[in-house]
Structures are given as C-alpha cells and as structure tokens.
Amino acid sequence: AAAREALHQAQLLQPDHPRLLAEMAVLALSQGKSKEAVDLLAQIKGREPRAAEVLFQIGSPLLKAGKTAEALSHYQRALEHDPGHADAHANLGALYKDRSELPAALRHLEKAVALRPSHAQATYSLAMLRINRSEWASAAALLRQSLDADPKQADAFYWLGNAVMG
C-alpha cells in the first residue's frame with residue numbers, strides 16, 4: 001500500500017514519466033493486475049517518442065514479473081532502434097547469463113561496459129563471467145572498475161580478493 005501511494009504521489013507530479021509508469025506496471029503485475037499493467041505499459045508507448053527507451057522501459061517490468069522471454073524480446077527490439085543503449089545490453093547480458101547462454105551474455109556485457117564504463121552492475125556481472133572462466137586479471141580489473149562506480153558492493157570486494165589470489 002505504501003509503494004502504491006508513493007507512486008501515486010509521483011504520478012501527480014509527473015504523470016507521463018516512463019520510468020514511473022514502468023514501476024507502476026511492476027506493482028500492478030506483482031498484485032496480479034495484468035490488465036492494469038498492460039494499460040500502463042501502453043501509456044509509455046504513447047508518451048515516450050524514443051522507441052529504444054520505450055522498449056527498454058517495457059522490458060524492465062516484464063523482467064521483474066518473471067516474464068523473461070517477453071523482456072528479452074523488448075530489450076532486443078530496443079537495440080534494433082539504438083544499438084548503443086548500454087542498459088539494454090546490460091539487461092540482456094544478465095538475462096543470457098541466467099539462461100546459461102554465456103557467449104551471448106559475454107557479448108552484451110562487454111558492449112554495455114564499453115558503452116558505459118561506469119555501469120557498476122554490468123562490470124560486476126562481466127567480472128563474474130571472467131571468474132567462471134578463470135580469467136583472474138581481467139576479473140580483478142573489472143571488479144575495481146565496478147567498485148569505482150559503486151564502492152558499496154560487498155560482493156565485489158569479496159570477489160576482488162579471490163580474483164587477486166587467483
């Protein structure tokens with residue numbers, strides 16, 4: 001109830017904000033209100049002129065709702081409109097990693113990090129893949145990069161210690 005109220009207050013201030021609408025859709029999905037979620041996602045399409053960002057924003061609540069195939073499709077379509085969308089690459093990389101499709105995960109995470117070196121989650125996820133491949137020096141460099149972007153990642157410090165020890 002508190003989350004819905006906070007989102008409602010935000011909507012009063014800026015009713016057409018795509019991320020707000022996406023978060024409201026996530027909330028609706030978590031409450032089993034699929035039609036409301038779909039209606040909110042449709043509003044994003046009507047209010048956001050940048051196709052890649054719209055598709056990305058729609059993909060995120062789908063991912064949170066466990067609809068990975070649909071989220072994957074939206075992220076891929078976002079990249080068709082904007083191949084330089086770092087967040088779409090990062091989310092695709094994470095999805096492919098979760099599905100054990102490691103070559104695709106590596107490709108997208110590497111692209112996300114190349115596009116935005118300060119993307120803490122993408123650099124951390126890429127470092128984890130490097131650790132799984134015993135690429136210790138590369139993993140350590142990525143973990144340092146991730147910690148530069150967000151120094152409050154306890155897991156990154158833990159894995160950095162492991163990577164340095166190799």
Side-chain angles (χ1 to χ4, degrees), residues 3 6-7 10 17-27 29-30 37 41 44-45 48-166:
L7 291 172
H17 194 282
R19 286 186 188 230
L20 170 65
L21 293 169
E23 288 303 317
M24 291 176 67
V26 168
L27 182 61
L29 283 170
S30 73
L41 293 172
I44 296 172
K45 286 183 182 178
E48 179 59 57
R50 298 166 303 178
E53 187 62 20
V54 169
L55 291 164
F56 174 77
Q57 293 295 340
I58 292 171
S60 295
L62 290 169
L63 182 60
K64 288 180 183 178
K67 299 182 179 215
T68 55
E70 292 175 55
L72 189 76
S73 172
H74 278 81
Y75 293 143
Q76 289 169 334
R77 289 173 46 215
L79 291 177
E80 290 171 9
H81 290 276
D82 179 6
H85 198 294
D87 290 328
H89 280 290
N91 286 12
L92 275 171
L95 273 171
Y96 284 125
K97 182 180 172 207
D98 290 345
R99 293 166 58 139
S100 298
E101 295 179 36
L102 301 184
L106 276 168
R107 185 175 64 253
H108 284 287
L109 289 169
E110 286 171 346
K111 185 69 173 178
V113 171
L115 290 165
R116 190 177 334 139
S118 64
H119 198 300
Q121 188 57 46
T123 54
Y124 177 81
S125 294
L126 182 55
M128 293 298 95
L129 288 176
R130 297 283 188 226
I131 286 172
N132 289 338
R133 295 166 56 132
S134 299
E135 297 174 6
W136 303 108
S138 174
L142 287 162
L143 288 164
R144 285 185 186 100
Q145 186 176 337
S146 182
L147 286 164
D148 285 345
D150 180 5
K152 295 181 180 180
Q153 300 176 81
D155 285 349
F157 280 111
Y158 169 79
W159 285 109
L160 177 58
N162 283 294
V164 170
M165 290 188 297

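Keep in mind that this is a model prediction, so the values were computed, not measured.
When the side-chain contact (heavy atoms from CB on, under 4.5 Å) test is applied to Ser125, the partners found at least two apart in sequence or on another chain are Leu109, Gln121. Annotation: ring pair (Phe, Tyr, Trp, His ring centres under 6.0 Å) contacts of Phe56 (sequence neighbours excluded): Tyr75, His85. Considering only residues two or more places apart in sequence or on other chains, Arg130 meets the salt bridge (charged side-chain N to carboxylate O under 4.0 Å, His left out) condition with Glu110, Glu135. Residues meeting the side-chain contact (heavy atoms from CB on, under 4.5 Å) test with Ser73, sequence neighbours left out: Arg77. Contacts of Arg107 classified as side-chain contact (heavy atoms from CB on, under 4.5 Å), with partners at least two apart in sequence or in another chain: Ala104. With sequence neighbours excluded, the residues that form a side-chain contact (heavy atoms from CB on, under 4.5 Å) with Asp150 are Ala120, Lys152, Gln153. Judged as a side chain to side chain donor-acceptor pair (under 3.5 Å), and not counting sequence neighbours, Arg144 has no contacts. The ring pair (Phe, Tyr, Trp, His ring centres under 6.0 Å) check on Tyr96 picks up His108, with sequence neighbours excluded.
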Determine, stepwise, if the pair Leu102 / Arg133 fulfils side-chain contact (heavy atoms from CB on, under 4.5 Å). CA-CA 10 Å; Leu102 301 184; Arg133 295 166 56 132; over 6 Å; no
For residues 158-166, tabulate all N or O donor-acceptor pairs below 3.5 Å that involve a side-chain atom, not counting sequence neighbours.
| unit_1 | atom_1 | unit_2 | atom_2 | d |
| --- | --- | --- | --- | --- |
| Asn162 | ND2 | Tyr158 | O | 3.1 |

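For residues 125-149, no pair satisfies ring-ring contact (aromatic ring centres under 6.0 Å, His included), with sequence neighbours left out. Applying the salt bridge (charged side-chain N to carboxylate O under 4.0 Å, His left out) definition to pairs two or more places apart or across chains, those involving residues 81-97 are Asp87-Arg116.
In this structure, CG on Leu62 lies 11.5 Å from CG on Asn91, to the nearest 0.5 angstrom. Residue Leu126 holds its CG atom at 4.5 Å from CG of Leu142, rounded to the nearest 0.5 Å. Expressed to the nearest 0.5 Å, how far NE2 of His74 lies from CD1 of Ile58 amounts to 4.5 Å.
Lys111 has its side chain out of reach of Leu92: every pair of non-hydrogen atoms, C-beta onward, lies at least 4.5 Å apart. Residues Ile131 and Leu143 are in side-chain contact: their nearest non-hydrogen atoms beyond the backbone lie under 4.5 Å apart.
Here the shortest heavy-atom pairing between Pro83 and Leu115 reads O-CD1, 4.1 Å. Of all non-hydrogen atoms in Leu55 and Ala78, the two that sit nearest each other are CD1-N, 3.7 Å. Looking at every heavy atom in both residues, Ala112 comes nearest to Ala90 through CB-N, 3.6 Å.
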